[in-house]
Protein chains: 2
Amino acid sequence: MRTIKDVAKLAGVSVATVSRALNKSGYVSEKSQLKVEAAIKELDFYPNEVARSLFQKKSKLIGLLLPDIANPFFPLVAKGVEDKVNEMGYKLILGNVQENPLKEAEYIRTFAQNNVAGVLSAVESSSKDLKNMPFVMLDRITSDKEYSVHSDDYQGGTLAAMAVSERSPGQVVVMVGPRSVSNSLVRLAGSVKVLEENNLTYQLFETESYQFDSAQESAHQLFELFPNVKSIIASNDIHALTIMREAIRRGLSIPSDVQVIGYDDNPYSKLMYPSLSTIAQPAYQIGYKGAEILCNRIEGLKVKEKISNCQ
Amino acid sequence: MRTIKDVAKLAGVSVATVSRALNKSGYVSEKSQLKVEAAIKELDFYPNEVARSLFQKKSKLIGLLLPDIANPFFPLVAKGVEDKVNEMGYKLILGNVQENPLKEAEYIRTFAQNNVAGVLSAVESSSKDLKNMPFVMLDRITSDKEYSVHSDDYQGGTLAAMAVSERSPGQVVVMVGPRSVSNSLVRLAGSVKVLEENNLTYQLFETESYQFDSAQESAHQLFELFPNVKSIIASNDIHALTIMREAIRRGLSIPSDVQVIGYDDNPYSKLMYPSLSTIAQPAYQIGYKGAEILCNRIEGLKVKEKISNCQ
DNA sequence: TTGAAAGCGATACCAG
DNA sequence: CTGGTATCGCTTTCAA
């Protein structure tokens, strides 16, 4: 790899001038500028980001923390993030935390060690150790002190319950995600409001995790616990699909015997038959908007609202 | 962030000694070692990877090039990669190329600018510009000069065709992925062999892309072109699911009127009803094994076979 | 066994 | 406008 010194030598100027020409900072005569540009082209030079980062104490990298990249919600978030940060000249260090707090802490340290410009996190607990880097939460709210982007969970919960209420719901079971994930509770609040307004009774069924592997087990338990369940508001599409499958395995028809409402933005839901009703979460937009807010903060622009809603 | 200087001062030794203690390289008296360790703990010091990388001309980062992270095959690959590189102390820079050669070239440059230790790529064209970095292809073979990991496509094609042949196939259509993707052709060869052995006639249907968005259009075209199709060997699960959906939309039953064989390792296929037959590709393992080979090469271990099969 | 000092490749201050 | 030089934080000779 060529360095700025090679360029300086070839262009017959000092490294300082090359640097100025490169960054269009400070004074450079047109003549020098042209010589430098020619040399850069000739040598196929591109600046070493590591050296830049060392001096500036800030790289063009952004950390992205995801709970589980195998959950199809998050690749979409990642895609939104990637599109926006690329637009702004940043790249991503991917941190797939797999709901493991140790991995999460390790990643946050790595981010610091690599002078990331900022961090985007869709992991619940992460706010604590991120003190020093600009960061934005995705799809989660931890406190109103932090920047975050999320879909409107309360309304989502409301919509899910309304969908259920409309079609002779019978026994209703509402799945609740891990207690620690606050938007799961907000969603629940939305659902509960509607169910109570309609004088429907309901049962809660807690799941510990949003991970794919445990969904199968949850679905089984749910039917053991509530054999007469007629309507289920699932905590995400993975659970919803798994529940439908379990229902079919038990000889129940969908939606006549059991109706299921999913919750996520999983492109596969659309391909399912019989169709799964689902409350869309704008995964891509959450990522894109979160990245936008983060980049603005990094570049020093004021971001008015700390908590942003999507759609 | 603390620096090695702070540690040196607190421990009462030179920075050189701290560095040696940190890396367990060269001579350090036990006494010094202990003083350094105590200081490190006291200050909560961790080395700046950027400075390291600048000196070593090599970072602890690995570039990962993916054609489309929204295609559920690739998050699984990424997960396998991530698990292995983490094990070996590396982190990932994510490059989602979206089948765009410009983005790809940009990412390869970024990787170089950040002194990545190596690159893993599931993108067809990428080998050219990667000359100087160790790299391994995932799920693709470009030439026998490059390291690569892939599933056995020929056998996969064989299996798909056998599954079709077993159940009164009627008119068979074999979807072929983009011509540029060589393993798509290898798969086809496997299928063709079996179909011809069984004296079955078949039609080819080419698709331009593995992208999600175009699948819908392909499915529509397929039925327009081959209205009497009875068996379809789809080029991946996204196409398979989309085709099933299109079939249903057209009032056909599955699998009695139309049978579809998918090809990928998409966890959602399993949740489908009516069940989609699918030839599993070990996405996670491809990622994991590719990362293993790359890490071994980076660490200077000999890797015997250039082309590795998975499962 | 230790520490002083020379880089790694870029930026930015400051004198000219 | 330009160039010399200190600097970012760390590693690695090399001499002591």
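Just so we're on the same page: letters track the sequence lines, and every chain starts at 1. Everything quoted here is computed from the prediction, not taken from an experiment.
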When we call it a touch if two heavy atoms are under 4.0 Å apart, what does B:S53 touch: a base, just sugar-phosphate, or nothing?
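The answer is nothing, as B:S53 stays clear of every strand by at least 4.0 Å.
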Kindly state each residue pair satisfying salt bridge (Lys or Arg N to Asp or Glu O under 4.0 Å) with at least one member in residues 10-23 of chain A, sequence neighbours excluded.
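Those involving residues 10-23 of chain A do not exist here.
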If you compare every side-chain N and O of B:S14 against the phosphate oxygens of C:dA4 (OP1, OP2), does one of them come in below 4.0 Å?
no
C:dT1, OP1 or OP2 - any side-chain N/O from B:S32 closer than 4.0 Å?
no
Contacts of type side-chain hydrogen bond (donor to acceptor under 3.5 Å, both in side chains), residue [X], not counting sequence neighbours:
{"X": "A:E49", "result": "A:R52"}
{"X": "B:Y147", "result": "none"}
{"X": "A:Q33", "result": "A:E37"}
{"X": "B:S29", "result": "B:S32"}

By side chain to side chain contact (heavy atoms under 4.5 Å, CB included) - contacts of A:L10 (at least two apart)
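Only A:A39, A:E42, A:L43 meet the side chain to side chain contact (heavy atoms under 4.5 Å, CB included) criterion with A:L10.
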Can you tell me which residue pairs pass the side chain to side chain donor-acceptor pair (under 3.5 Å) test with a partner in residues 9-18 of chain B, sequence neighbours excluded?
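Matches after skipping sequence neighbours: B:S14-B:T17.
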By the side chain to side chain donor-acceptor pair (under 3.5 Å) test, which pairs, at least two apart or in different chains, include something from residues 289-308 of chain B?
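Applying side chain to side chain donor-acceptor pair (under 3.5 Å) to every pair that reaches into residues 289-308 of chain B, excluding sequence neighbours, yields B:Y90-B:E299.
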Would you please name every residue forming a salt bridge (Lys or Arg N to Asp or Glu O under 4.0 Å) with B:K60, sequence neighbours left out?
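Checked B:K60 against salt bridge (Lys or Arg N to Asp or Glu O under 4.0 Å); zero matches.
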Can you pull the contact range of chain B along DNA chain D, 5' to 3', using atoms under 4.0 angstrom from its heavy atoms?
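So the outermost contacting nucleotides come out as D:dG9 to D:dT12.
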Pairwise N/O distances under 3.5 Å, protein to nucleotides 8-12 of chain C:
from   : atom 1 : to    : atom 2 : distance (Å)
C:dC8  : O3'    : B:K57 : NZ     : 2.8
C:dG9  : OP1    : B:K57 : NZ     : 2.4
C:dG9  : N2     : A:A51 : O      : 3.3
C:dA10 : OP1    : A:N48 : N      : 2.8
C:dA10 : OP2    : A:I4  : N      : 2.3
C:dT11 : OP1    : A:N23 : OD1    : 3.3
C:dT11 : OP1    : A:N23 : ND2    : 3.0
C:dT11 : OP1    : A:R52 : NE     : 2.9
C:dT11 : OP1    : A:R52 : NH2    : 3.4
C:dT11 : OP2    : A:S19 : OG     : 2.7
C:dT11 : OP2    : A:N23 : ND2    : 3.3

Quick check on the helix from C:dT1-D:dA16 to C:dG16-D:dC1: what's the angle between its two end axes, five base pairs per end, to the nearest 10°?
50°
Using a strict cut-off of less than 4.0 Å between a Lys/Arg side-chain nitrogen and an Asp/Glu carboxylate oxygen, indicate whether B:K84 and B:E87 qualify as a salt bridge.
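Here B:K84 pairs with B:E87 in a salt bridge, since their nearest N and O are under 4.0 Å apart.
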